[in-house]
Amino acid sequence: MTLSTTTLLGLLKQQKYEFFSGVPCSNFADLFQQVSLDNDITSVPAASEGSALSFAVGAALAGRRSVVALQNSGLGNIINPLTSLVQVNCIPTLLLISVRGHTDEPEDEPQHRIMGANTHALLDQLAIPWSEFDGTPQGFMATLVKAEEAFQRSISFAVLVRKGQLSAGLGVVIDGEQQVSDYPLSVGSALEIVSETLRPTDLVVSTTGFISRELFRLSDRPENFYMQGSLGHCSAVAAGVALAHPSRRVVALDGDGAVLMHMGVLSTIGYASPRNFLHIVLDNEGYVSTGGQESTSVTSSLEAVAVACGYRAVSRCVTSAELSDAVARGLSTEGPHFLLCKVNQSHSRSLPRVTSHHTPEENKRAFQTALNEQAFHLQAVPAGVAR
Ligand SMILES: Cc1ncc(C[n+]2csc(CCOP(=O)(O)OP(=O)(O)O)c2C)c(N)n1
Ligand SMILES: [Mg+2]
């Protein structure tokens, strides 16, 4: 059964929920859009699920009823404030959790499999009561009554929502949609420029979502490690490779939403200072892979953060000439480099999924083999010979 997001929001408002925070999931594309346009609801687009919950706690301390919406992958980011803040202080919240990788959806992406199979068990373990959304207004009302009973005992409540159970009433289209924004470069055209400048031996770690899928479409190679899930951790993985292999040039291909989720890593990278590291952020000012919800990069200067965190060189690019120059510089001079490239939100209509061609484990093996083979060849070059 499918419920319209408008009805769901109406029922929440009837029960006096008036504060909303969360991190998008494609299953909630319409919900995030409607909430952001709703004058009766204060909505905060959080950088991570843990901070979404903490905003909601703040609102609850100030006497506002709050909802936190997240994908079940975000349970990993929420467990610390859920246990040590919400539960310890008895500040109950309503959690709307989109369940990916449910055991009866074996075709879902592999990164969701383990959390999908364990979402119920995790909530049970934490003694958080939950209910599966049935897609009907009556069912949702009954769930809100159960939530109310839990709140009376100062306990949070989770509603588990499955793919397709909330309508996309405002016409948000996911998966290869065309959207228009002002910047001249698309992710695809930016990646073409980056790919042209790479040497065959250069290693690339790409972030989860459409950026990895575009890279895969344009230039699949064993030297690419495509992240699946683990949103926000691409640059740390890439910098780890760079620090462990100082003779190799390593590029992180990141997104604005991903960087914002774990921005502290920029400080660590500035501190660890890998010389052979180029961090490229394709900033489309949104969570485009999950429906184009606005990210807070619109009001932040990520490149200024990178300067403050100690990156050796930082550039901001908008045009292809600027990007081409900055990538060439970033790959030929000492890093760590940070390159913020403003891009529009358009993508090719059909973006292949990396996982329909390589399992994550196959991707890992190919990357390691490429890395080790090249390391062997590089070592085999006699001393004093230019590489
Ligand atoms: C912890 C976690 N929360 C939410 C998601 C859902 N998700 C997948 S891709 C994505 C958007 C990432 O945005 P950005 O890094 O800006 O890349 P873009 O999609 O715009 O290219 C989100 C929110 C996730 N995978 N993991
Ligand atoms: Mg983005």
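None of the values given here were measured: they were computed from a predicted structure. Residues: numbered from 1 along the sequence shown. Counting starts at 1 for both ligands and their atoms, following the listed order. The figures that follow rest on heavy atoms only: side chains count, while hydrogens, waters and symmetry mates do not.
Ligand 1 lies less than 4.0 angstrom from a heavy atom belonging to E49. Residue contacts with ligand 1 leave out S295, since none of its heavy atoms falls under 4.0 Å from the ligand. Using 4.0 Å as the threshold, P24 has a heavy atom nearer than that to some atom of ligand 1. The closest approach between any non-hydrogen atom of I211 and ligand 1 is below 4.0 Å.
Under 4.0 angstrom from ligand 1, the non-hydrogen atoms of D256 come from both its backbone and its side chain. If you look at T290 next to ligand 1, the close heavy atoms, those under 4.0 Å, all belong to the side chain.
Counting side-chain heavy-atom gaps under 4.5 Å among Ile, Leu, Val, Met, Phe, Trp and Tyr, the cluster of I79 also holds L53, V57, L61, V68, L70, L75, I78, L82, L85, V86, I91, L95, I97, V99, M115, L122, L123, L126, I128, W130, L160.
Counting heavy atoms from C-beta on, the side chains of T296 and P45 come closer than 4.5 Å.
Distance from atom 14 (P) of ligand 1 to its nearest protein heavy atom, with residue and atom name: G257 N, 3.5 Å. With hydrogens left out, the protein atom closest to atom 26 (N) of ligand 1 is S73 OG, 3.1 Å, a heavy atom. Looking at atom 19 (O) of ligand 1, its nearest protein heavy atom turns out to be S289 OG, 2.5 Å.
Taking every non-hydrogen atom of V288 and a distance limit under 4.0 Å, the qualifying atoms of ligand 1 come out as 18 (P), 19 (O), 20 (O). Interface of G255 with ligand 1, defined as ligand atoms under 4.0 Å from a residue heavy atom, comprises 15 (O), 16 (O). When each atom of ligand 1 is checked for a heavy atom of N77 under 4.0 Å away, the hits are 1 (C). Listed by number with element, the atoms of ligand 1 under 4.0 Å from a non-hydrogen atom of N284 are 18 (P), 20 (O), 21 (O). For ligand 1 and A258, the ligand atoms under 4.0 Å from any heavy atom of the residue are 14 (P), 15 (O).
Salt bridge annotation for R100-E109: absent, with no cationic side-chain nitrogen under 4.0 angstrom from a carboxylate oxygen. With salt bridges taken as basic N to acidic carboxylate O contacts below 4.0 Å, one links R162 and E105. Salt bridge annotation for K146-E149: absent, with no cationic side-chain nitrogen under 4.0 angstrom from a carboxylate oxygen.
Look at G209 and the Mg ion (ligand 2): no N/O/S atom of the residue is under 2.8 Å from the metal. Distances from the Mg ion (ligand 2) show that E285 has no N/O/S atom below 2.8 Å. Not one N, O or S atom of Y287 sits under 2.8 Å from the Mg ion (ligand 2).
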**Asked** Yes or no on side chain to side chain contact (heavy atoms under 4.5 Å, CB included) for L278 and I280, after CA distance, side-chain angles and deciding distance?
**Response** CA-CA 6 Å; L278 168 60; I280 300 177; 3.8 Å; yes
* **Trace of the side-chain hydrogen bond (donor to acceptor under 3.5 Å, both in side chains) decision for Q34 with D30** => CA-CA 6 Å; Q34 288 209 32; D30 196 36; 3.2 Å; yes
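Of all non-hydrogen atoms in A252 and S235, the two that sit nearest each other are CB-CA, 4.0 Å.
When the heavy-atom distances from atom 20 (O) of ligand 1 to S212, G232, C234, G286 are ranked, the shortest goes to G286. With atom 5 (C) of ligand 1 as the reference point, the heavy atom nearest to it among R100, Q71, E109 is part of Q71.
Here's the thing with Y287: none of its N/O atoms is less than 3.5 angstrom from an N/O atom of ligand 1. Not one N or O of G209 is nearer than 3.5 Å to an N or O of ligand 1, by distance alone.
Within D256, the N, O or S atom at minimum distance from the Mg ion (ligand 2) carries the name OD1.
H358 and Y226 have parallel rings, their planes meeting at less than 30° on a 0 to 90° scale where 60° marks the start of perpendicular. Using bins of under 30°, 30° to 60° and over 60° for the plane-to-plane angle, the ring pair F367/F225 lands in the tilted bin.
The list of ring-ring contact (aromatic ring centres under 6.0 Å, His included) pairs with a residue in residues 50-91, not counting sequence neighbours, is empty.
Less than 6.0 angstrom separates the ring centroid of H233 from the ring centroid of H262.
Checking side-chain atoms of T197 against main-chain N and O of I193 turns up a donor-acceptor pair under 3.5 Å.
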